[in-house]
Amino acid sequence: MNGSATFVLFRLLHILSGALWVGGAIVIAAFIMPSIQAIGPAGGPMMAQLGKVRRFPIYMMAASVLTLLSGLLIYWMDGQSFGTSWMASTPGRVFGLGGLLAIIAGVLGMTMMSPAGKRMGEISAAIQSGGKPPTPEQISEMQRLQARVQKVGPVVLTLILLATTCMAVARYTG
């Protein structure tokens with residue numbers, strides 16, 4: 001495969017995985033989490049279904065990793081093709097800023113959001129399988145995890161949206 005075809009392949013992978021990452025983050029932040037929080041403990045089965053059966057967190061993590069790796073490769077390929085002067089140009093810096101914002105979002109998602117979502121799913125599954133109301137400890141831990149998601153989630157979403165904005169406008173900034 002020649003360099004142009006490789007570039008197109010990685011760009012396509014970057015755009016499609018990025019669309020899944022951004023779209024998934026918006027749907028989770030704007031619709032799913034507020035709905036689950038509004039219905040309280042009854043949202044547990046929904047969390048368990050989303051995490052354990054549908055494996056949504058795995059898809060989101062895969063989309064973020066594919067987006068980040070393909071984006072880094074594209075940035076490196078552009079740097080190799082156009083030299084360091086391109087990276088120092090306004091479009092190069094805006095692409096670089098977008099990449100940095102996406103990397104920060106990815107790290108926050110993988111280290112804070114994903115573990116919290118996984119643990120909430122585990123607690124929900126334990127409550128559901130136990131057939132009893134949640135214990136005070138389970139309620140307390142679930143509230144702590146939800147608070148983390150409520151605090152970090154909007155930050156991750158904002159970073160992803162800013163990164164997407166940088167990618168969308170970078171070529172028009174120079």
Side-chain angles (χ1 to χ4, degrees), residues 10 13-76 93-130 134-170:
F10 283 117
L13 179 64
H14 184 67
I15 291 169
L16 293 176
S17 59
L20 176 60
W21 188 19
V22 172
I26 291 170
V27 169
I28 286 289
F31 300 102
I32 294 176
M33 288 310 294
S35 297
I36 288 171
Q37 290 163 355
I39 60 175
M46 166 71 174
M47 286 296 296
Q49 174 73 14
L50 196 60
K52 294 282 185 188
V53 178
R54 301 289 172 195
R55 304 181 85 64
F56 186 75
I58 303 280
Y59 286 104
M60 288 296 288
M61 191 174 301
S64 67
V65 168
L66 285 173
T67 302
L68 294 172
L69 291 178
S70 60
L72 287 168
L73 190 57
I74 291 167
Y75 191 73
W76 178 80
R93 287 192 315 253
V94 173
F95 277 122
L97 174 62
L100 178 62
L101 294 171
I103 289 168
I104 294 168
V107 168
L108 286 174
M110 287 181 219
T111 60
M112 299 191 75
M113 298 292 290
S114 183
K118 181 180 179 188
R119 183 66 186 135
M120 284 191 291
E122 290 169 354
I123 294 169
S124 296
I127 294 168
Q128 191 175 15
S129 69
T135 66
E137 293 80 21
Q138 289 171 322
I139 292 171
S140 175
E141 186 174 4
M142 191 69 98
Q143 289 171 339
R144 182 183 58 78
L145 293 167
Q146 286 175 344
R148 180 193 305 173
V149 169
Q150 287 175 335
K151 187 183 295 183
V152 178
V155 172
V156 170
L157 181 60
T158 300
L159 290 169
I160 293 171
L161 291 173
L162 288 171
T164 303
T165 301
C166 287
M167 300 302 160
V169 303

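Just so you know, these numbers come straight off a predicted model, no measurement behind them.
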Atom CD1 in Ile32, atom CE in Met46: separation rounded to 0.5 Å? 4.5 Å

Taking all non-hydrogen atoms of both residues into account, name the closest pair between Gln138 and Ala126 and its distance. NE2-CB, 4.1 Å

Arg93 side chain near Leu97 side chain, heavy-atom distance below 4.5 Å: no

Side chains of Pro57 and Met113: does their closest heavy-atom pair fall under 4.5 Å? no

Heavy atoms only: give me the nearest Gly99-Met167 pair and the separation to one decimal. N-CE, 3.2 Å

Which heavy-atom pair separates Gly109 from Pro115 by the least distance, and what is that distance? O-CD, 4.3 Å

Can you tell if the side chain of Leu161 reaches within under 4.5 Å of the side chain of Ile26, non-hydrogen atoms only? yes

Rounding to 0.5 Å, atoms OG (Ser64) and CG (Leu20) come to a distance of 9.5 Å

With heavy-atom distances below 4.5 Å as the criterion, would you say the side chains of Leu68 and Trp21 are in contact? yes

Distance from Lys118 atom NZ to Lys52 atom NZ, nearest 0.5 Å? 6.5 Å

Identify the heavy atoms of Ala30 and Pro34 that sit nearest to each other, and give their distance. O-CG, 3.7 Å

Begin with the C-alpha distance, continue with both residues' side-chain angles, and end with the deciding distance and a verdict on side-chain contact (heavy atoms from CB on, under 4.5 Å) for Val155 and Lys151. CA-CA 7 Å; Val155 172; Lys151 187 183 295 183; over 6 Å; no

Do Ile74 and Phe95 have side-chain heavy atoms sitting under 4.5 Å apart? no

Which heavy-atom pair separates Cys166 from Gly98 by the least distance, and what is that distance? CB-CA, 3.6 Å

Does the side chain of Gln146 reach to within under 4.5 Å of the side chain of Val149, using non-hydrogen atoms? no

Heavy-atom check, side chain of Val65 versus side chain of Met110, under 4.5 Å: yes

When rounded to the nearest 0.5 angstrom, what distance separates OG1 in Thr67 from CG in Leu13? 7.5 Å

To the nearest 0.5 Å, atom CE of Met33 lies from atom CG of Leu157 at 13.0 Å

Output the distance between atom OG (Ser114) and atom CG (Leu108), rounded to the nearest 0.5 Å. 12.5 Å

Is the shortest heavy-atom distance from the side chain of Ile123 to the side chain of Arg119 under 4.5 Å? yes

Closest non-hydrogen atoms of Ala25 and Met60, given as atom of the first, atom of the second and distance, are N-CE, 3.4 Å

Answer yes or no: is there a donor N or O on one side and an acceptor on the other, between the side chain of Thr164 and the main chain of Ile160, under 3.5 Å? yes

